[in-house]
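Throughout, a chain's letter reflects where its sequence line sits, starting with A, and its residues are numbered from 1. Model, not experiment: these values are computed from the prediction.
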Amino acid sequence: MVKERTHTCGALRAAHIGQTVIVQGWASAVRDRGGVTFIVLRDRHGTVQVTCDERAPDSERETAKKIRQEYVVQVTGIVAARQDSAVKKDMETGEIEVIPTDVEILSGTRPLPFTISDDTDAGEDTRLKHRYLDLRRPVLQKNIIARHKAAQAARRFMDDQDFLEIETPCLTRATPEGARDYLVPSRVHPGQFYALPQSPQIFKQILMVAGMDRYFQICRCFRDEDLRADRQPEFTQIDVEMSFAPRDMVMRIGTGLAAAMWKKVTGVDIGDVSTMTWHESMDRFGVDAPDLRFGMELVDLKPVLGDSTFPPIANAIEAGGILKGFRVAGAVSDSSRKVLDGWTTFVRQYGMGGLLWGKVQDDRSITGPLGKAAGEAAEAVLTALSAEPGDVLAVGAGDYDSTNAGLGRLRVHIANARDLIPENTFKFCWVVDFPLFEKIEGGWTPMHHPFTAPKPEHMEWLGTDKMGDILSDAYDLVCNGSEIGGGSIRIHREDVQHKVFEALGIEEEEQQEKFGFLLDALAHGAPPHGGFAFGFDRCVGIMTNSKSLRDVIAFPKTTSAQDLMSRAPGPVDAHELAELKIASTVTADA
RNA sequence: GGGGUGGUAGUUAAGUUGGUUAUAACGCCGGCCUGUCACGCCGGAGGCCGCGGGUUCGAGUCCCGUCCAUCCCGCCA
């Protein structure tokens, strides 16, 4: 019979000695020494040792011998001091043990597929299939608790700032751009589909038009794209929008929200968050989400090497490309040919033709491809990169996108490999002034989304050949090289929204078909507004130092978007499909 | 869609140039042990070597395909 517990397993201390207590939990270890049996009981609050020796009734000692790992056990007993030699200082309840008067097995278990332990060696698929066991591991319990705390801190902060928590629909309308939608067929309207929201973007803007003034929501978003360690098909955003707010006011709320969550979960004050422009980030770090925890910044080498006749450089410059590099301090001694070839292979993934690496020798000469390329300019290259003997230099030449991407990622790759990134450090920055559009084949596409406002002074360039130079009041909050949130000041005028759609090549008919309700709303007294969304899973992942988002989501999906526990997605009965007027083109055995 | 890595006992792994009965640890089952805390000791059970083809006298091992997991590229307004 289950009773009301008096304490959780982790709560008992020396102060409880002599008290009769009732504790319940899972047997995380059973050590039967013959005459005495030790049971370690675990719940989400901690563990406590139950000691069944001559002080316990024989019947209960017999019961204890039957307990196996992960049995669910209820123990009534008396808290006793451990004998001096048995005190465990590294265990929170290590000064005491419970001497049972009653031991009851509440539930048994089949043999376990893997050991419930932080350092379990089971593979991801085994753990995901038995997620209820995986989630018993203390590290995952800690992550889930951290997630809860972050959510509570976010709600408290937003409420304090007078934001209203408002829900938006999950069954909504497909929008034409962006990620692939998850679709839900309509039974009532055969042949028509709802889409699950990729984000509540349009709804939150309409809430501003509706006069809600300040809105937030912790909401689920869905994108049917290929997955990564930091990407799940359904993920959680803290979605925020506010009216009558200039950019800096919105960013201040964003900083405050991050600060509230980080303080609550990690105890760290994130302090003032610096700001840099998108162009500056690309120049110095090669990426739009700079990791500021370490140096090795990229340096423009055009001034010193731009005239080189070395073919890779000359060709890149000729084609209007860029030439830059960075310094890896003291790396010569442990940069074998294999390591350097590895760097080259690494940057090729991002479209770079190769890597011009160079080793700075004791006589300040440069050996390796970069030495050949530099020739007489070697000393100038060393000066530009602040390099010293013993350094390895990594230089790339080529088009803007792939060279920045390759070098920017290589910088992080090397820092990781060389253990140059300090642990338990959080370096935030806002990246601002993103280009409004980026070039794609056959035209332009919004860098953020099509509702982002151009900077007023660039408005007149819409539709001209200066499209690529138009900047927006968009901003990303970056932590440790990850984009954890982003947003923008929105377009609040119908005519401007039309112009942007036009510049993107979206025909009037399509505008009305897809966004008519937003355009209508903007035409009925829309306040200036802006907002942002935080990637909640990523925030928790960074706060808990998790390698994968799967470790901060209770029931995550695999990289092929399956839930190995519930085995979703799965087939449905033919009559269900018939009711929805849907036929599959996939045959049963495919 | 493309590339890398992996798939052998419940779990994690080893398995030689293709060659007898496929190893080990942990877990499981049985026994012993009164201060263990990764408890220890003795014994035992446990295998469609991911799946499907092929080569071969013979395949865990070689070849082709396929599925799954994971990491990355593309993709993710």
Side-chain angles (χ1 to χ4, degrees), chain A residues 28-40 47-56 61 65 68-70 80 82-91 93-94 97 109-130 133 175-181 198-199 201-202 221-233 235 342 345-352 402 405-406 409 413 434 436-438 440 444-452 472 474 483 486 488 500 504 506 514-515 535 547-548 550 557-560 562 564 567 590:
Chain A
S28 72
V30 182
R31 291 183 286 270
D32 183 356
R33 297 286 278 102
V36 58
T37 305
F38 302 96
I39 311 288
V40 178
T47 60
V48 67
Q49 176 166 280
V50 177
T51 302
C52 306
D53 59 14
E54 71 281 348
R55 290 171 288 181
R61 294 171 72 179
K65 280 180 182 296
R68 299 288 175 269
Q69 263 184 44
E70 297 304 312
R82 292 191 183 196
Q83 40 181 262
D84 288 349
S85 61
V87 168
K88 287 274 284 183
K89 290 180 293 284
D90 56 345
M91 189 176 169
T93 61
E97 59 196 355
T109 172
R110 298 210 286 249
L112 298 166
F114 58 90
T115 308
I116 311 299
S117 152
D118 277 354
D119 53 7
T120 187
D121 51 8
E124 289 258 6
D125 43 355
T126 312
R127 290 170 40 206
L128 287 174
K129 186 175 174 189
H130 307 275
L133 298 178
T175 49
E177 294 187 354
R180 224 170 273 124
D181 285 312
Q198 296 179 25
S199 81
Q201 181 61 37
I202 295 177
C221 304
F222 306 85
R223 293 178 192 176
D224 185 8
E225 293 294 341
D226 289 344
L227 306 177
R228 290 283 196 287
D230 61 351
R231 244 191 260 162
Q232 282 275 310
F235 59 97
T345 308
F346 182 85
V347 298
R348 285 204 169 116
Q349 292 185 103
Y350 300 91
M352 281 177 64
S402 56
R409 304 295 195 109
H413 178 75
F434 280 73
L436 187 60
F437 304 113
E438 63 185 325
I440 51 164
W444 297 91
T445 189
M447 198 160 211
H448 189 48
H449 56 54
F451 318 115
T452 300
S472 66
E483 179 205 324
S488 62
V500 168
L504 288 168
I506 302 174
K514 305 293 184 186
F515 304 114
K547 281 202 181 68
S548 161
R550 291 184 296 274
K557 291 183 175 60
T558 68
T559 44
S560 64
Q562 297 186 80
L564 295 182
R567 289 171 43 239

Looking at every strand, decide which applies to [X] at a 4.0 Å heavy-atom threshold: base, sugar-phosphate, or nothing.
X         : answer
Phe451(A) : nothing
Ser560(A) : sugar-phosphate
Arg550(A) : sugar-phosphate
Glu54(A)  : base
Glu483(A) : nothing
Asp32(A)  : base

Of the nucleotides [options], which has the atom closest to the [X] side chain?
X         : options                   : answer
Arg82(A)  : rC26(B), rC37(B), rA69(B) : rC37(B)
Gln349(A) : rU36(B), rC73(B), rG10(B) : rC73(B)
Pro113(A) : rC73(B), rG10(B), rU36(B) : rG10(B)
Phe38(A)  : rG35(B), rA69(B), rC76(B) : rG35(B)
Ser548(A) : rA69(B), rU34(B), rC71(B) : rC71(B)
Gln49(A)  : rU34(B), rC76(B), rC37(B) : rC37(B)
Lys88(A)  : rC76(B), rG35(B), rA38(B) : rA38(B)
Tyr350(A) : rA69(B), rU34(B), rC73(B) : rC73(B)
Thr115(A) : rG35(B), rC26(B), rC72(B) : rC26(B)
Ala86(A)  : rG10(B), rA69(B), rC37(B) : rC37(B)

### Query
Which of these, Ile39(A), Thr37(A), Val36(A), sits in a side chain to side chain contact (heavy atoms under 4.5 Å, CB included) with Thr51(A)?
Val36(A)
### Message
Arg228(A) and side chain to side chain contact (heavy atoms under 4.5 Å, CB included): which single residue from Glu225(A), Gln232(A), Arg231(A) fits?
### Response
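Only match with Arg228(A) under side chain to side chain contact (heavy atoms under 4.5 Å, CB included): Arg231(A).
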### Task
Look at the rings of Phe346(A) and His413(A) and say which category their plane angle falls in: under 30° parallel, 30 to 60° tilted, over 60° perpendicular.
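Correct class here is parallel.
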Do [X] and [N] share a donor-acceptor pair, side chain to base, under 3.5 Å?
X         : N       : answer
Arg228(A) : rG74(B) : yes
Asp226(A) : rG74(B) : yes
Arg55(A)  : rG35(B) : yes
Glu70(A)  : rG27(B) : no
Arg33(A)  : rC33(B) : yes
Arg231(A) : rC75(B) : yes

Please check the phosphate of [N] (OP1 and OP2 only) for any side-chain N or O of [X] closer than 4.0 Å.
X         : N       : value
Arg68(A)  : rC29(B) : yes
Thr559(A) : rA69(B) : no
Arg31(A)  : rC37(B) : no
Gln69(A)  : rC28(B) : no
Ser85(A)  : rG35(B) : no
Thr37(A)  : rU36(B) : no
Arg127(A) : rU11(B) : no
Arg409(A) : rC71(B) : no

### Query
Whole Å only: how far is the NZ atom of Lys65(A) from the C1' atom of rG30(B)?
14 Å
### Query
How many Å lie between CG on Leu227(A) and C1' on rC76(B), as a whole number?
10 Å
When you compare [N] with [M], how far apart are their [atom1] atoms, in angstrom units rounded to a whole number?
N       : M       : atom1 : value
rU12(B) : rU16(B) : C1'   : 22 Å
rG74(B) : rG3(B)  : C1'   : 11 Å
rU8(B)  : rC49(B) : P     : 11 Å
rG54(B) : rA9(B)  : P     : 25 Å
rC64(B) : rU55(B) : C1'   : 11 Å
rG1(B)  : rG18(B) : C1'   : 36 Å
rG43(B) : rC57(B) : P     : 44 Å
rC26(B) : rC41(B) : P     : 8 Å

### Query
Would you say Asp90(A) has more than 12 foreign heavy atoms packed within less than 6.0 Å of its CG?
yes
Partner lookup for [N], please. Criteria are Watson-Crick or G-U wobble with both distances under 3.5 angstrom; report none if nothing qualifies.
N       : answer
rG52(B) : rC64(B)
rC41(B) : rG31(B)
rA69(B) : rU5(B)

### Query
With distance as the sole criterion, is a donor-acceptor pair present between the side chains of Gln562(A) and Ser560(A) under 3.5 Å?
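Present: a donor and an acceptor within the cut-off.
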#### Entry: Side-chain touch Arg31(A)/Val40(A), heavy atoms, less than 4.5 angstrom
yes
### Query
Do His449(A) and Ser488(A) have side-chain heavy atoms sitting under 4.5 Å apart?
yes
### Centroid distance under 5.5 Å and plane angle under 30°, Phe114(A) vs rU11(B)
no
### Task
Return the 5'-most residue of the pair Ala122(A), Val36(A) with respect to RNA chain B, ranking by each residue's nearest nucleotide.
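Upstream on the strand: Ala122(A).
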### Summary
Note: for Thr558(A) and Arg223(A) on RNA chain B, the residue whose nearest nucleotide lies more 5' is Thr558(A)
### Message
Run the side chain to side chain contact (heavy atoms under 4.5 Å, CB included) test on Leu564(A) and Thr558(A) for me, step by step, so that the C-alpha distance in whole Å, both residues' side-chain angles and the decisive distance to 0.1 Å come before the verdict.
### Response
CA-CA 8 Å; Leu564(A) 295 182; Thr558(A) 68; 3.5 Å; yes
### Summary
Here the gap from Gln49(A) atom CD to Arg82(A) atom CZ, rounded to the nearest 0.5 Å, amounts to 4.0 Å
